[in-house]
Amino acid sequence: MAFDSLNQGSKEVVRALIVNGIVAIAATVLRFWCQAKNEQKGIHCIHPDDWLLLSTTISFLAAGAVAIYALVCGEPVGIPQSSFDVYLSVDQQKKEAIYLRALFIGQTLIFLVFFLAKLTVCMLYRRIFRVPYLRRACLYLMLASTVWFAVAEVTDFCICIPGYDFSWVSRRGQCLNLNYFALFIGILEVLLDIAILVLPIRVILSLQMPRRAKFTVSGVFLVGVL
């Protein structure tokens, strides 16, 4: 089997993606099952954030499937400094092209996953909390997340000029530095995540309840979002 030919690191990645996919499916099914139970009692419980969660899960599963396909069917060979640095067989070139195409598609999908996850949490906050400033902050963060997503996707599609040829060996066109691109997008993504995570803490700490209960509720929110 193709899986058996993978190195240990790639096998661990495949296993992790499968486990995470199963957890994501289980969490989404459980949430909709609970909502359906409430619907049977006459309580309307399926909200926009639930559908966003479902979209996030589907996008994550698609990204995971593409990543597994890249590892099993493709072959990363690294980025040569010139077309004379490495010599690949026809079979290796095909596997390299498969890997790079899947890498591009997977990266595009993972940006979508991060974006939908942010919208899901912000919509959840707006549904749970009725505090005006927090609801406004959620809107601002949703707008910032939309801008982040647009910048990430446009840069991803235009990272190589005249475009992706999915073969580093031919070296056609010019490409931006992938490491700088990932670092820049990653830093912005982490900052947005931190802002979303700490957003409800102020409201929770202002509630009339014991301090221990406030910390417990805050912890539940943080763990639930993560």
Side-chain angles (χ1 to χ4, degrees), residues 16-65 106-153 185-226:
L17 288 171
I18 292 174
V19 171
N20 288 333
I22 293 173
V23 171
I25 292 173
T28 304
V29 170
L30 181 61
R31 179 163 174 172
F32 273 87
W33 180 78
C34 293
Q35 305 292 48
K37 286 292 184 180
N38 288 326
E39 289 280 351
Q40 292 176 0
K41 299 177 182 178
I43 305 173
H44 178 68
C45 287
I46 298 181
H47 303 279
D49 54 281
D50 295 312
W51 296 114
L52 281 172
L53 174 65
L54 179 61
S55 301
T56 304
T57 301
I58 293 173
S59 301
F60 174 75
L61 293 175
Q107 181 170 267
T108 303
L109 286 172
I110 207 64
F111 288 148
L112 178 61
V113 171
F114 292 154
F115 172 60
L116 291 175
K118 290 172 177 55
L119 293 188
T120 301
V121 176
C122 287
M123 291 293 290
L124 176 65
Y125 286 169
R126 284 179 57 82
R127 177 164 61 87
I128 294 176
F129 299 102
R130 298 299 177 181
V131 183
Y133 86 85
L134 189 144
R135 292 170 64 84
R136 286 196 302 271
C138 285
L139 285 178
Y140 295 149
L141 285 172
M142 291 168 68
L143 178 60
S145 298
T146 302
V147 173
W148 171 85
F149 175 67
V151 171
E153 293 291 23
I185 293 298
I187 290 175
L188 293 180
E189 201 265 335
V190 169
L191 292 177
L192 284 171
D193 284 346
I194 293 174
I196 292 172
L197 285 174
V198 303
L199 192 58
I201 302 301
R202 177 183 171 185
V203 176
I204 295 172
L205 294 180
S206 66
L207 296 176
Q208 299 298 321
M209 60 173 61
R211 180 176 299 178
R212 182 175 181 180
K214 293 179 182 179
F215 290 142
T216 301
V217 174
S218 299
V220 170
F221 266 93
L222 292 175
V223 172
V225 171
L226 290 173

Handout entry: Heavy-atom closest contact (Trp51 atom, Ile46 atom, distance)
Key = NE1-CG2, 3.5 Å

Practice task
Side-chain contact test, heavy atoms from C-beta onward, threshold under 4.5 Å: evaluate it for Phe60 versus Leu109 and give yes or no.
Solution key: no

Completion exercise
Only residue of Thr28, Val23, Val29 satisfying side-chain contact (heavy atoms from CB on, under 4.5 Å) with Ile25 is Val29

Practice task
State, with a plain yes or no, whether a side-chain heavy atom of Arg126 is found less than 4.5 Å away from one of Leu139.
Solution key: yes

Exercise for the section: Check whether any side-chain heavy atom of Glu189 lies under 4.5 Å from a side-chain heavy atom of Trp148, and answer yes or no. Expected result: yes

Exercise for the section: Compare every heavy atom of Leu141 with every heavy atom of Ile196, then report the nearest pair and how far apart it is. Expected result: CG1-CD1, 3.8 Å

Problem - Flag if over 12 foreign heavy atoms under 6.0 Å of OH, Tyr140 - result: no

Problem - Side-chain touch His47/Asp50, heavy atoms, less than 4.5 angstrom - result: yes

Fill in the blank from the handout: Closest heavy-atom pair, Leu192 versus Ala144, reported as atoms and distance to 0.1 Å, is CD2-CB, 3.8 Å

Exercise for the section: Let me see the working for Ile185 and Phe111 under side chain to side chain contact (heavy atoms under 4.5 Å, CB included), right down to the final yes or no. Expected result: CA-CA 10 Å; Ile185 293 298; Phe111 288 148; 3.7 Å; yes

Handout entry: Which atom of Cys122 lies closest to which atom of Cys138, heavy atoms considered
Key = O-SG, 3.8 Å

Practice task
May I ask you to say whether Asp193 pairs ionically with Lys118, meaning some side-chain N is under 4.0 Å from a carboxylate O?
Solution key: yes

Handout entry: ring-ring contact (aromatic ring centres under 6.0 Å, His included) partners for Phe114, two or more places apart
Key = none

Completion exercise
Nearest heavy-atom approach of Leu112 to Ser59 is CD2-OG, 3.6 Å

Practice task
Compare all side-chain heavy atoms of Leu124 with those of Ile128 and state whether any distance is below 4.5 angstrom.
Solution key: yes

Fill in the blank from the handout: Closest heavy-atom pair, Leu197 versus Tyr125, reported as atoms and distance to 0.1 Å, is O-OH, 4.1 Å

Fill in the blank from the handout: Interatomic distance, CE@Met123 vs CG@Leu53, rounded to 0.5 Å, equals 12.5 Å

